[in-house]
Trainee: 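This structure is in structure tokens; I'll ask about it shortly.
Below, chains carry the letters A, B, ... as their sequence lines are ordered, and counting in each starts from 1.
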Amino acid sequence: MPIRFELNGLPTDIDCAADRRVIDLLREDLGLFGTKEGCGTGECGACTILVGGEARLACLMLAAQLAGRQVTTVEGMTHTPDGAVLAQAFVEEGAVQCGFCTPGMQMAALAMLRQNANPSREAIREGLSGNLCRCTGYVKIIAAVQRAARDISDERRA
Amino acid sequence: MTDRTPLCAGKPDLRGDATAKASGKERFAADHYPDLLLWAGAVRAGVSHARLKAVNTTDALAVPGVIRVLTCADVPGPNRHGIIHKDMPVLVDDRIRYPGDAVALVLAETREALREAVSLVRVESEALPAVFDPAAALAEGAPQLHETHPANTLMAAEIRKGDAAGALAGCDVVVAGEFSTQVQAHAFLETENGVARLAEDGSIDMVVSSQSPFRDRLEVGAALGIPFNKIRIRAPHLGGGFGGKDGATVQCLLAVAALHSAGRPVKMHWEREENLAAGYKRHACQLHYQLGARRDGTLQALICHLVYDTGAYAHLGGEVMELGMEHGGGPYRIPHVLVTGKCVFTNNPVAGAMRAFGVCQVTFAVEAMMDRLARELDLGPLELRRRNALSEGDTNCSGMRVITSTGIIGCLETLRLHPFWEQREEWKEQARPHTRRGVGLASVWNAAGYGGKVRDAAIAKVELTPEGTVVVHSAVADMGQGNSCAFMQIAGHVLGQDAAQLIVRQPDTATAYPSGSSAAGRTTYTFGNALIKACEELKARLINRAGLLFFIDSDQHLCLVPGKVVHPPSGRELSLQQIAGFMSQEDRVCISQFVAPVCDPVPDTATGFFIGFPHVIFAYGAHLARIEVDLLTGVIQVCDYLAVTDGGTVVNPVMFDQQVEGGVAQGLGYALMEEVVTREGRVLSDGLSTYLIPGAMDVPNIVSLAWQGHEATGPFGMKGVGEVAMNGPLPAVANALSDACGIHLQHAPLTPERVLMAMSAGSEEGCKGPAPPVESLGRSRASSVERPNAHTL
Ligand code: FES
Ligand code: FES
């Protein structure tokens, strides 16, 4: 079926099965490999994208659910001002190791920062609790989100 | 150009791979979808032990989009792979030895068709008696898994130093315990996957998520009878490995698929369920310990017996057990030691390499023994460890004289000064109602390198491109630990270049040189040493060629700075691109080899090991956990964690902390929640909601401190720290639990159920009243709580 939605700020028309998983649509049909698959069953968060500004799991969504929605993947995120600051914070705080969780982790963090511009460490832990990372122990990820929150609000003030 | 700063060993230079990963641009193996690809998937046996009768493919072949269903008849060559023992069939041709064995291989146009067809392949087999408990597997009359290994014994070995039995009998104090540890899954986020294609010249080109691309070439070649030069393996950045991608996972299957796909590329990507069912695992282990000391706290004798369950195939089981045995006595001076070990085949999933390779099992036992000994002797647990800790010149528990850097005392002393230790009593007193607080310690160590009888070598290649960029051809995969970033830093340091001037290529067997696996805490150490030599050679050459171009008689005043060679006395300079233009292709490449040191002479303490004994370089650490136990629910909350680590001189402080923090988190999962549950070899923990790993709410703040020594043999004085941190959390938390509640759990993981059970089995006052005085915990009690059983198997 034809589906029209906005992908990373660009109007996008596709024709695919209504029940195609969004993660397959993004990765295989549209070549956006930044959205990762770690489980396929909604347990790891590696496939997190933003739909209408909210964090969603691309492995559990079907193509038809995107109709008319605004979708942001990591590829689009880094071109938004907040997203660029967040990605830079991940780099500078050492929050990236294997990097396989990183795109999903950042998308979840971005959605959280939109709700709560100045989260405590505990709030960050809670906000990221659906995103698993096997490499970092989360210490530097939490530091990166804290730093991003600071840098984003500094930028706003400037 | 002048304000460019070269990279510098010792500085927290940013990881060269982070930006591409954070922006989603890095292409992992999983991100390869070549045009016209076919999907390949394995059909798993589903039964524990059986003789294969037939594979019925009719229904599967009838699924639209299914191209082929391959069976053992389609596998060329010996159809056996394995790192040391070639005992694992690519596709079963005779006997099924565990439910995860691959029996058939489906090729399909789509993943949907693949999935359907895999479920429709009928495996006909005749059941054989099976065995799942290592003790039962060792018993007479047990079903046998491999004719080559009688009594289901992959390896039986011992380390004997002095007269342990005699010395133990003469000890003032002896403690004993029986422990067991569970199966752990690596649970890397990127599951096993790759793509392969058969080229027109008959060679196989593979991109795979692998820790050992050069060895993969050997494994695929040997299993399928293909000449090595007809196999090219590329290993891009891995989405985690931790040992689970060391050895063939998808490689042989993919190569078989490629041979039968008429030149179309094939892609195989295990789903999480398949990863848990058929991926390699950490060995479950049963441990019997007796440790004795003199009244003054001097350790005298250790006797321990270890049984490792290696599952259906050998993989690296014998070597895993070897390393566990070598670490059986902890980083302490013990004059009399007897460690015996058996590595046993069962019809359980295959256990192989995992971070801290056999060592985290023994660390649990020996560190619990140390705490009990401290209580018996009325000595502080830190004091007892400090008194017995190894120093350079001592002989370790396997009889090896330690001559490389040995910082365990430094780590313990650093820990002693930390507020978590100094203020432990005040902190414990602040426990909330219905909770009890405890502080626990563990000394840890972990060998680096392959050990005796295996050449631990790396060959580094650096190349100056015609454009003047320096390319490091890494030959050891980067599974996320950042070795490729360390290589960039090392090359930048030696060559005086910044990140803009450098590229690190991930391993490609066509352009790099065999350098071993990314494993054993040897990746940065071994390849880094080779790389320093190669870069020094390139540096000398660039300066020399610049000197020729400047028409000067000596290289003395020339220096290499970012992007150019300068001659300060004359103010002249040449860009690296200009110099490259002057050099032939051959001249622009430098290659150098490093071979890691081995123990010489080898102590005569060990018998039964094939390879891997002994090791000469060890990372050390001292760990502390502060926990709060909920007396109503039995839940252990780890409030704070401190890890002091001796990894020699730190090349990059951020990457050092990354390794320690990640190892601690994985160790806390092992301590508290992770367990692969199986029934008759079938994995019941089939997803990340049944196999739980720590999330952001489960991991405390981790304080990582470096105790910086200098490892004279290491690149810039470093030694690997990828594994050592994994060893601390289980014993540190278990010891904190003893401190908090006076209970001594001997079976991991330390689940709330076990905590509650042990508390109700203990004395009422001991659990609910004030913490028991140390004197009340006598020897008999220390060794009698909980008996081992088969629940972990
Ligand atoms: S891949 Fe979607 S949650 Fe794991
Ligand atoms: S960085 Fe590897 S899973 Fe998070």
Trainee: Select, from Asp31(B), Val699(B), Leu688(B), the one with the greatest count of heavy-atom pairs under 4.5 Å involving chain A.
Mentor: Asp31(B)

Trainee: How would you list, by chain and number, every residue that makes a side chain to side chain donor-acceptor pair (under 3.5 Å) with Lys267(B), sequence neighbours excluded?
Mentor: none

Trainee: Tell me, side chain or backbone of Val664(B) under 4.5 Å from chain A's heavy atoms, or both, or neither?
Mentor: neither

Trainee: Are the side chains of Gln97(A) and Lys21(B) in contact, using a 4.5 Å heavy-atom criterion?
Mentor: no

Trainee: Specify which of Pro694(B), Gly669(B), Gly241(B), Gly663(B) makes the most heavy-atom pairs with chain A at under 4.5 Å.
Mentor: Pro694(B)

Trainee: Inspect the contact between Glu661(B) and Arg134(A) and indicate whether a charged nitrogen and a carboxylate oxygen are less than 4.0 angstrom apart.
Mentor: no

Trainee: Do Cys135(A) and Phe188(B) have side chains that get closer than 4.5 Å, going by heavy atoms?
Mentor: no

Trainee: Of the backbone (N, CA, C, O) and the side chain (C-beta and beyond), which part of Pro12(B) lies under 4.5 Å from a heavy atom of chain A, both, or neither?
Mentor: neither

Trainee: I'd like to verify something: which residue of His269(B), Arg15(B), Met479(B) has the highest number of heavy-atom pairs under 4.5 Å with chain A?
Mentor: Arg15(B)

Trainee: What residue, out of His186(B), Glu112(B), Gln481(B), Glu271(B), has the most heavy-atom pairs lying under 4.5 Å from chain A?
Mentor: His186(B)

Trainee: Give, for atom OG of Ser209(B) and atom CZ of Phe100(A), the distance between the pair rounded to the nearest 0.5 Å.
Mentor: 8.0 Å

Trainee: Can you list the residues of residues 26-46 of chain A that sit under 4.5 Å from chain B, counting heavy atoms only?
Mentor: Arg27(A), Glu28(A), Phe33(A), Gly34(A), Lys36(A), Glu37(A), Gly38(A), Cys39(A), Glu43(A), Cys44(A), Ala46(A)

Trainee: Looking at Val74(A) and Ala22(B), what are the two nearest heavy atoms and their distance?
Mentor: CG2-O, 3.5 Å

Trainee: Identify the residues of residues 121-128 of chain A whose heavy atoms come closer than 4.5 Å to a heavy atom of chain B, ordered by number, or report 'none'.
Mentor: Arg121(A), Arg125(A), Glu126(A), Leu128(A)

Trainee: Take Leu14(B) and Glu92(A), measure what side-chain contact (heavy atoms from CB on, under 4.5 Å) needs, and give me the verdict at the end.
Mentor: CA-CA 7 Å; Leu14(B) 296 181; Glu92(A) 288 179 10; 4.0 Å; yes

Trainee: By a 4.5 Å heavy-atom criterion (distance strictly below it), what part of Asp478(B) contacts chain A: side chain, backbone, both, or neither?
Mentor: neither

Trainee: Picking from Glu26(B), Lys25(B), Met655(B), Arg111(B), which has the most non-hydrogen pairs under 4.5 angstrom with chain A?
Mentor: Arg111(B)

Trainee: If I take atom CG from residue Leu189(B) and atom CG from residue Leu132(A), how far apart are they, to the nearest 0.5 angstrom?
Mentor: 6.5 Å

Trainee: Select, from Val91(A), Ile141(A), Thr78(A), the one with the greatest count of heavy-atom pairs under 4.5 Å involving chain B.
Mentor: Val91(A)

Trainee: Could you tell me whether the side chain of Val139(A) reaches within less than 4.5 Å of the side chain of Gln658(B), counting heavy atoms only?
Mentor: no

Trainee: Ala665(B) and Gly137(A): which non-hydrogen atoms are nearest, and at how many Å?
Mentor: CB-CA, 3.4 Å

Trainee: Which pairs count as ring-ring contact (aromatic ring centres under 6.0 Å, His included) when at least one residue sits in residues 41-74 of chain A, sequence neighbours excluded?
Mentor: none

Trainee: Counting only heavy atoms not in Glu273(B) (residues, nucleotides, ligands), do more than 12 fall under 6.0 Å from its CD?
Mentor: no

Trainee: What's the separation between atom OG in Ser704(B) and atom NZ in Lys140(A), rounded to the nearest 0.5 Å?
Mentor: 7.0 Å

Trainee: By a 4.5 Å heavy-atom criterion (distance strictly below it), what part of Tyr138(A) contacts chain B: side chain, backbone, both, or neither?
Mentor: side chain

